[in-house]
Structure formats: C-alpha cells, structure tokens
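Start at 1 and go down the list; that is how both ligands and their atoms are numbered.
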Amino acid sequence: MPISIIIGAQWGDEGKGRVVDWLASAADVVARYAGGDNAGHTVALDGEVYKLHLLPSGVLHEQVVSVMGNGMVINPVNLVREIKALRAMGIEISPQNLIISSRAHIITPAHIALDAAKESALGDAKIGTTLRGIGPAYLDKCGRAGIRTGDMLLDVEVFAERLISGIAVANDSLQKQGIEPLDARAAAESYLKAADFLRGFIQDASIFLHQALKAGARVVCEGAQGTLLDIDHGSYPFVTSSSPTAGGALTGLGMGPMQVDRVLGVAKAFSTRVGGGPMPTELEGELADRLRGSGENFWDEFGTTTGRPRRCGWLDGVLLRYACMVNGFSELMLTKLDILSGFEQLKLATAYEIDGLRSEHPPVTNEELERATAIYETMSGWSEDISGCRRFAQLPAAAQNYVQRVAELCEVPINTVSVGPERSQLVQR
Ligand code: GDP
Ligand code: IMO
Ligand code: MG
C-alpha cells in the first residue's frame, strides 16, 4: 500500500484521528493535507486521550514521520503550543519526525478577527465556523495575498513586514465595521517567536514525499473535516474553505494519483454536525440526547475544538452514498457502532422526498435540502454491549445486518467497524 487516503464521509468528527492512528502502525509517513486547527482529532491510547488539531495523528508512533502538507492553513503560534503540549505528555517531536511544508499558508491574527467579524455580520445566517480564521486564510491564499510557511525562512524583518502589512489591510476593514483594530506589532512579535521555533521543521514536503515513496515508504494521507464540508461538494455555503475530499489529498500534498491504492471513507454509524446548515436526518429530544451522550465521556458528541454540542441524527444513507461517489472510496469504515447498542429500532435514510418527488441523490441547493424529508428504512436494534467484540461474527445479528445494509446501500465494502475509542476497539471481518 504505497498511498492510502483517509477521508471523513460526513460532516467531520467521524473518528478519522483514531483510524489514522490505527493505520499508522503499518505506515512510514502520515501526512495531513487540508484544513487547520478547525480540526480536532482524538486518539485514545492506554487510557491517555490526545486531542490533535494541527499535528497529524501519526505522531504517537515512533517510526512515523509526520507531514503537514501545502494544502493546510497553519497558525504557527497554536502549532508551537500543540507541539509543546505533546512533548509534555512524553511524545517526541523534532525536525526528524515532523515536516512542515514550506508552501502551506499561515493564519494570522487578522484572519481570526475577520472570521469573527464576518460571522457576527451574518447574524442568524452565520455559518457557525470554528473562529480559527480558516475562511479568511484560504481567501487570501486564493486571492494571492497570503503569507506562506516558507516565508518564515526569510529575513526576519521581511517576514514581520508582511505580517504587519496584512494586518493593516484587515484593520481597515475591521474599523469600517466598528471593530477595534489589532495591534500589528504585538501580533508580529508572537509570530516571530513561533517562526524561530518552527524554522527547522520547514521544507519542501512534496520533495520529501516523492523521495520517501521512491524509497518504498508507505504513506497514509489524513483528511480533516469531511466530504459534506467540502468547498465544492458540501452543502455550500455551510462548508469549510478547503477540499477534504480525495482530490484534495493530491493537491494538498503535491503527489500524483498513480500510487494511491486505497481510499478509505470513515463514517460514524449515525450522523452528527456542528455549525449551521441543513441536516435532513437531525433528531431532537430524547433520541438525539442518547446519541450525543451527556458530555461525561470524552467521546460524547461535543466539539473537540470548540466544545459545542453536536447536532445528532440517524445515518443519512443518501449523503453517505454521495460521499462514496465523489471520493471513489475503495472501502468504508463505520465508527461508534457501540453507541447504537440499546436502541430498540434503528433508522437509516435511503432516499428523500422533496416537494412531493422521491430522490436518491442530494439536491444542489440548501433550500431544497432544507425541504427534504428523509425516507427511512427501520431496522431492529440490539441490546448487547459490543465494545468487547473484535471479530464480525461476534457482533449481534442485528448489528451485522445494520453494517451490511449500509455497505449494500453505498455499494462499498465495510471490512472494519469500531466499537469504542481505544486503539484496540476494532472489529474486523
Ligand atoms: P475526527 O475529527 O474525525 O478525528 O473525530 P473526533 O475526534 O472529533 O470525534 C470522534 C470522537 O469519537 C472522539 O472522541 C473519539 O475518541 C470517539 N470515537 C471514535 N471511534 C469511536 C468508537 O468506535 N466508539 C466510541 N464510543 N467513540 C469513538
Ligand atoms: P474535524 O477534522 C466538524 C465546520 C464548522 C462549520 C464549518 C466551517 O475534526 O472533523 P471553519 O472554521 O472551517 O470555517 O467552519 O465547518 N467544521 C468542522 N466540523 N469537524 C471538523 O473538523 C470541522 N472543521 C470545520 O463547525 O460548520
Ligand atoms: Mg473532530
């Protein structure tokens, strides 16, 4: 397996971090290709819980080199904090096992302030972003006005000047909205300190990956966010500003498609979403509360990055099938199957009714998706605790049927399901 791509098949938080951590044990390189610290990837190992926002989820494996790709947007100050926090937990992170692409873009305090200003101007129509400056950073990238990680290798004065002039442009627009301008010099100072710390990690990551592949390395590409948050394929404008889908892995790392031999979609056994936008299978009340959990457990449905309660609902087979289509998954993995234990009946959306018409594909506009009524198949649930199962045959028949039905509906095999957050809690065929 030279290149495996791991992709969220829903609205993010599918459990990509734990899947990447699992696959990393047989990998040489784990490379993240999109997004920034809007992501929150949880890895649970031997009772310790690691929450990663920027660092790839392979960092816990000694033999793995982690790569942060050109498709990412990186807040250098937050990255330094994350590296230091992991080091304090005993995880080794050095330029020997972490490579930051010189072509990734930098999130500045201006981007963060503009993200907040835009959300507040949108009022009730807000996207519900993570307020990490993601949209404005990608906007500068596409508008050819961004600052890149490679710029941290320049003369310190030149880097500081770029930051300060970027903040000055943002200040103009903030002041027009009646928002206090940022202190550009103070911001530049903290970024210069971060640049000092990070300089040794920065190199051309595509060249590194190319050479690693030539030497026979096995590369796992880690997606952030999810297919339905993709700037092209998601429920626009309630999306993020990057390409979490399969194509994004190649542009976000600077690799060709010919060595990719596995595209693994990760889907939760039910649906969750944080932030605004349509969600046809959303539940309210007791059922939603049961899926969400009370918040006592780290795996309950509260955002890893923002702590917001996630919206919960039945599995949306229409959107999942669509995710399989736009990514070309070679297989699908279902996570959090254990959370469905104890439901007498389970529902699986297999089609929508929109304005009296049946559709098996999602509509293009959010207005139509808001009007879509899910058409459900009802299946029997199971009451057993399945968290100790490790082989498919050990799962109750109703759980096997549920997994089988999802695979059939999506026309993609499901060979692995997870039944708990720990590295070992996987059920394989
Ligand atoms: P990611 O962003 O896709 O990496 O997912 P998150 O880490 O944001 O959210 C997934 C949550 O579910 C985390 O708290 C995981 O520890 C947890 N999790 C993953 N797989 C399972 C599972 O099979 N069962 C349970 N109970 N929790 C899981
Ligand atoms: P991981 O990698 C879930 C959502 C936000 C918001 C929209 C835009 O942990 O799966 P942004 O800050 O990116 O401009 O917000 O996207 N969002 C996520 N939801 N998981 C994520 O990442 C997300 N990253 C962004 O809630 O609706
Ligand atoms: Mg997450």
- Message: Looking at ligand 1, is there an atom of it that comes within less than 4.0 Å of some heavy atom belonging to G12?
- Response: no
Polar atom proximity, [X] to ligand 1 (N or O, under 3.5 Å):
X    : result
G420 : yes
D13  : yes
G15  : yes
I339 : no

Provide, to 0.1 Å, the distance between [atom] and the closest protein heavy atom, together with that atom's residue and name.
atom                    : value
atom 28 (C) of ligand 1 : K336 CG, 3.5 Å
atom 22 (O) of ligand 2 : Q225 NE2, 3.4 Å
atom 17 (N) of ligand 2 : L229 CD1, 3.7 Å
atom 17 (C) of ligand 1 : W299 CB, 3.7 Å
atom 24 (N) of ligand 1 : D338 OD1, 2.8 Å
atom 3 (C) of ligand 2  : D13 OD2, 3.2 Å
atom 4 (O) of ligand 1  : G17 N, 2.8 Å
atom 23 (O) of ligand 1 : S418 OG, 2.5 Å
atom 15 (C) of ligand 1 : T42 CB, 3.9 Å
atom 6 (P) of ligand 1  : G40 O, 3.5 Å
atom 6 (C) of ligand 2  : G128 O, 3.2 Å
atom 12 (O) of ligand 2 : T130 OG1, 2.6 Å
atom 19 (N) of ligand 2 : V274 CG2, 3.4 Å
atom 13 (O) of ligand 2 : T240 OG1, 2.6 Å
atom 19 (C) of ligand 1 : R18 CG, 3.7 Å

Any luck finding a side-chain donor-acceptor pair between [X] and [Y] under 3.5 Å?
X    : Y    : value
D230 : T245 : yes
W299 : T42  : no
S57  : E222 : yes
Q225 : N38  : yes
N327 : Y322 : no

Could you tell me whether [X] and ligand 2 have an N or O pair separated by under 3.5 Å?
X    : value
L131 : no
G40  : yes
D115 : no
E14  : no
S241 : no

Under 4.0 Å to a heavy atom of [X] - the qualifying atoms of ligand 2, by number:
X    : answer
W11  : 3 (C), 19 (N)
A224 : 2 (O)
G275 : 27 (O)
K16  : 1 (P), 2 (O), 10 (O)
A39  : 1 (P), 2 (O), 9 (O), 22 (O)

For a 4.5 angstrom cut-off between non-hydrogen side-chain atoms, does [X] reach [Y]?
X    : Y    : answer
Q10  : K268 : yes
T272 : W11  : no
E368 : P362 : no

Tell me whether the count of non-hydrogen atoms from other residues, nucleotides or ligands lying under 6.0 Å of [atom1] in [X] goes above 12.
X    : atom1 : answer
Q428 : CD    : yes
Y236 : OH    : no
K51  : NZ    : yes
E411 : CD    : no

- Are any N, O or S atoms from G17 nearer to the Mg ion (ligand 3) than 2.8 Å? no
Below a 4.0 angstrom heavy-atom separation, can you tell me which part of [X], side chain or backbone, both or neither, approaches ligand 2?
X    : answer
R308 : side chain
R132 : neither
T129 : both
F238 : neither
R273 : neither
V239 : backbone

- Quick one: do R292 and D300 make a salt bridge, cutoff under 4.0 Å? no
Taking only heavy atoms of [X] into account, list the atoms of ligand 1 that are under 4.0 Å away from them.
X    : answer
R310 : 8 (O), 9 (O)
E14  : 3 (O), 5 (O)
H41  : 1 (P), 2 (O), 4 (O), 7 (O)

- Locate the shortest heavy-atom distance separating L131 from I112; write the atom from each residue and the value.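 Nearest heavy atoms, L131 then I112: O-CG2, 3.8 Å.
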- Pick out which of L55, I74, L54, L79 makes a side-chain contact (heavy atoms from CB on, under 4.5 Å) with D37.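 So the option named by the test is L54.
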- Please state which part of K16 comes within less than 4.0 Å of ligand 1, counting heavy atoms only: side chain, backbone, both or neither.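 Within the 4.0 Å criterion, K16 contacts ligand 1 through backbone and side-chain atoms alike.
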Has the side chain of [X] got a donor or acceptor atom that lies under 3.5 Å from a matching backbone atom of [Y]?
X    : Y    : result
E119 : I127 : yes
T227 : G8   : yes
N97  : V65  : no

- Report yes or no: is the cationic atom of R290 (NZ for Lys, CZ for Arg) closer than 6.0 Å to the six-membered ring centre of F343, at no more than 45° off its axis? yes
- Message: Need the atom name: nearest N/O/S atom of D13 to the Mg ion (ligand 3).
- Response: OD1
- Task: Would you please test R132 and T130 for side chain to side chain donor-acceptor pair (under 3.5 Å) and show each step?
- Result: CA-CA 5 Å; R132 296 296 186 273; T130 58; 5.1 Å; no
